[in-house]
Protein chains: 2
Amino acid sequence: IVNIQGLTKDYGQNGVVTHALRGVDLTIESGEFTAMAGPSGSGKSTLLNIIGGLDRPTTGRVEVNGQELNRLSSTKLSRLRRDRIGFIFQSYNLIPVLTVLENAEYVLMLQGVSAAQRRERVRDLLKEVGLEGMEDRFPRELSGGQQQRVAITRAIAPEPALVLADEPTANVDSKTAIALLDLMRQLNEEKGVTFFFSTHDPNVMKQARRLVLLRDGRISRDGGMVEG
Amino acid sequence: IVNIQGLTKDYGQNGVVTHALRGVDLTIESGEFTAMAGPSGSGKSTLLNIIGGLDRPTTGRVEVNGQELNRLSSTKLSRLRRDRIGFIFQSYNLIPVLTVLENAEYVLMLQGVSAAQRRERVRDLLKEVGLEGMEDRFPRELSGGQQQRVAITRAIAPEPALVLADEPTANVDSKTAIALLDLMRQLNEEKGVTFFFSTHDPNVMKQARRLVLLRDGRISRDGGMVEG
Ligand SMILES: Nc1ncnc2c1ncn2[C@@H]1O[C@H](COP(=O)(O)OP(=O)(O)OP(=O)(O)O)[C@@H](O)[C@H]1O
Ligand SMILES: Nc1ncnc2c1ncn2[C@@H]1O[C@H](COP(=O)(O)OP(=O)(O)OP(=O)(O)O)[C@@H](O)[C@H]1O
Ligand SMILES: [Mg+2]
Ligand SMILES: [Mg+2]
């Protein structure tokens with residue numbers, strides 16, 4: 001579902017260039033539950049942003065759901081993002097003027113799902129992530145980990161083909177992190193949603209079936225996780 | 001250096017009240033290196049914000065550095081914050097239009113430290129947290145963990161009496177987290193800076209000499225950490 005060849009990403013201005021990604025080759029099959037780890041600054045967010053179509057490669061080829069991103073018009077790209085990809089940002093990116101419920105149902109609303117249907121789906125999910133009763137609050141009235149869970153709900157509610165999650169458990173306690181991972185794994189095993197997420201937490205890495213290690217903008221290791 | 005008695009904090013509107021803190025008694029001695037853990041939503045950020053004078057109690061008495069916060073004028077309160085307290089926010093709160101260096105030296109500048117002196121201090125610290133070479137970048141050009149480290153540098157550069165840190169290692173890998181904690185402990189042991197920080201990371205909790213557990217707005221456990 002993701003096929004990347006020779007990906008590089010440079011950020012540069014005034015002669016100072018940062019090589020954030022330095023030649024990444026990566027294939028993710030549909031149905032995978034794969035974690036990515038690596039030091040702070042190694043390129044995890046950059047890679048996720050490019051796969052999600054939120055940023056462009058400098059060189060290389062990125063294919064998502066069979067479509068080569070560089071060839072898509074911006075309309076086609078946003079439609080792919082809206083309908084096929086769920087994105088959980090490292091800093092959540094909730095909309096401050098919308099309530100928890102409105103934030104969580106946002107993509108379903110963009111997709112034209114009826115109000116009744118999307119509210120039911122989202123209320124159930126909010127309950128599963130421990131946010132029952134918070135539907136009418138605003139993001140600024142939530143703790144860090146609560147905001148993170150609204151961002152997760154928004155991304156998984158449409159059951160997209162691919163969920164890209166940037167450190168989805170960074171701001172919650174271990175008990176909540178485990179519950180969130182169980183929820184994500186359930187979605188993966190029952191509905192075939194592909195998950196590709198970055199994390200700094202060894203306990204989260206253990207839950208993945210495959211672990212990709214990023215270092216200085218390159219993949220340094222890539223392998224299946226031993227069971228048990 | 002911190003003395004809290006009977007602290008409660010309610011957030012409420014339109015009849016729905018959230019009891020974020022429900023009666024907290026806490027004393028932190030000068031020179032401590034104390035961690036606070038607890039589930040997402042248990043009140044950690046709320047407690048740190050109130051100790052740092054960024055939010056007001058609903059009831060109860062909060063004394064910092066011998067001064068009762070409720071009795072301070074807003075001028076005296078901001079002076080206490082500027083000169084005595086270093087604050088690391090859960091979402092960093094860097095100033096987007098200032099560079100890494102300008103953000104990191106911000107409090108020293110407010111304190112009237114000369115440009116030459118503050119630049120030297122901040123450059124050394126930025127090097128220690130692994131951000132050498134990034135001084136002229138802007139926050140949006142940094143990874144999550146890099147932004148977090150700028151926020152840490154800003155808080156510790158003035159060597160305040162008390163540093164309040166809200167999940168200071170949530171967005172960095174374990175190696176960087178350990179280096180940051182070593183730096184904070186060094187400041188604690190060599191300069192007597194008091195540290196009170198919240199965390200979800202068991203490895204970080206182990207490094208503290210005392211651990212306070214928060215649950216549903218109350219302290220549920222409070223004790224020294226066993227050595228070794
Ligand atoms: N606009 C930019 N200009 C210059 N450098 C940038 C820019 N954006 C990101 N970078 C650099 O690219 C590198 C990779 O950043 P990225 O955010 O992908 O790291 P990361 O692995 O997600 O780190 P973390 O674990 O701290 O979130 C970093 O060194 C960062 O400083
Ligand atoms: N403005 C507000 N209005 C209503 N409730 C609020 C408001 N701000 C915070 N709360 C609630 O107060 C409780 C404590 O929040 P706080 O941010 O202190 O939690 P926390 O322990 O820091 O959580 P986390 O580990 O997720 O960061 C939460 O249940 C939160 O929803
Ligand atoms: Mg990142
Ligand atoms: Mg918090």
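Computed from a prediction, not measured in an experiment: that's the story for all the values here. The sequence lines fix the lettering, A, B, ..., with proteins before strands; numbering per chain opens at 1.
Using a 4.5 Å heavy-atom cut-off against chain B, the contacting residues of residues 41-61 of chain A are A:Gly41. Close approach to chain A, defined as a heavy atom under 4.5 Å from one of its heavy atoms, is seen in B:Ser143, B:Gly144, B:Gly145, B:Gln146, B:Arg149 of residues 143-156 of chain B, taken by number.
Counted within 6.0 Å of CD on A:Gln5, heavy atoms from surrounding residues, nucleotides or ligands total more than 12; the atom is thus considered enclosed. Counting non-hydrogen atoms of neighbouring residues, nucleotides and ligands closer than 6.0 angstrom, the CZ atom of B:Arg22 exceeds 12 such neighbours. Within a 6.0 Å sphere centred on CD of A:Glu159, heavy atoms belonging to other residues, nucleotides or ligands number more than 12. Heavy atoms of other residues, nucleotides or ligands lying less than 6.0 angstrom from CZ of B:Arg215 number 12 at most.
Among the candidates A:Asp166, A:Thr176, A:Asp136, A:Asp173, the residue making the largest number of heavy-atom pairs closer than 4.5 Å to chain B is A:Asp173.
Under the 4.5 Å side-chain criterion, counting only non-hydrogen atoms from C-beta, A:Val2 is not in contact with A:Phe196.
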Exercise for the section: Report the C-alpha distance between B:Leu164 and B:Phe197 in whole Å, list the side-chain angles of each, state the deciding distance to 0.1 Å, and finish with yes or no for side chain to side chain contact (heavy atoms under 4.5 Å, CB included). Expected result: CA-CA 6 Å; B:Leu164 302 169; B:Phe197 52 95; over 6 Å; no
Practice task
Decide side chain to side chain contact (heavy atoms under 4.5 Å, CB included) for B:Glu135 and B:Leu126; before the verdict, give the C-alpha distance in whole Å, the side-chain angles of both, and the deciding distance to 0.1 Å.
Solution key: CA-CA 8 Å; B:Glu135 291 85 357; B:Leu126 285 173; 3.9 Å; yes
Handout entry: From CA spacing to verdict: side chain to side chain contact (heavy atoms under 4.5 Å, CB included), B:Arg210, B:Asp222
Key = CA-CA 7 Å; B:Arg210 172 186 174 197; B:Asp222 184 350; 2.9 Å; yes
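With salt bridges taken as basic N to acidic carboxylate O contacts below 4.0 Å, one links A:Glu105 and A:Arg119.
Checked by atom type and distance alone, the side chain of A:Thr18 never pairs as donor or acceptor with a backbone atom of A:Ala20 at under 3.5 Å.
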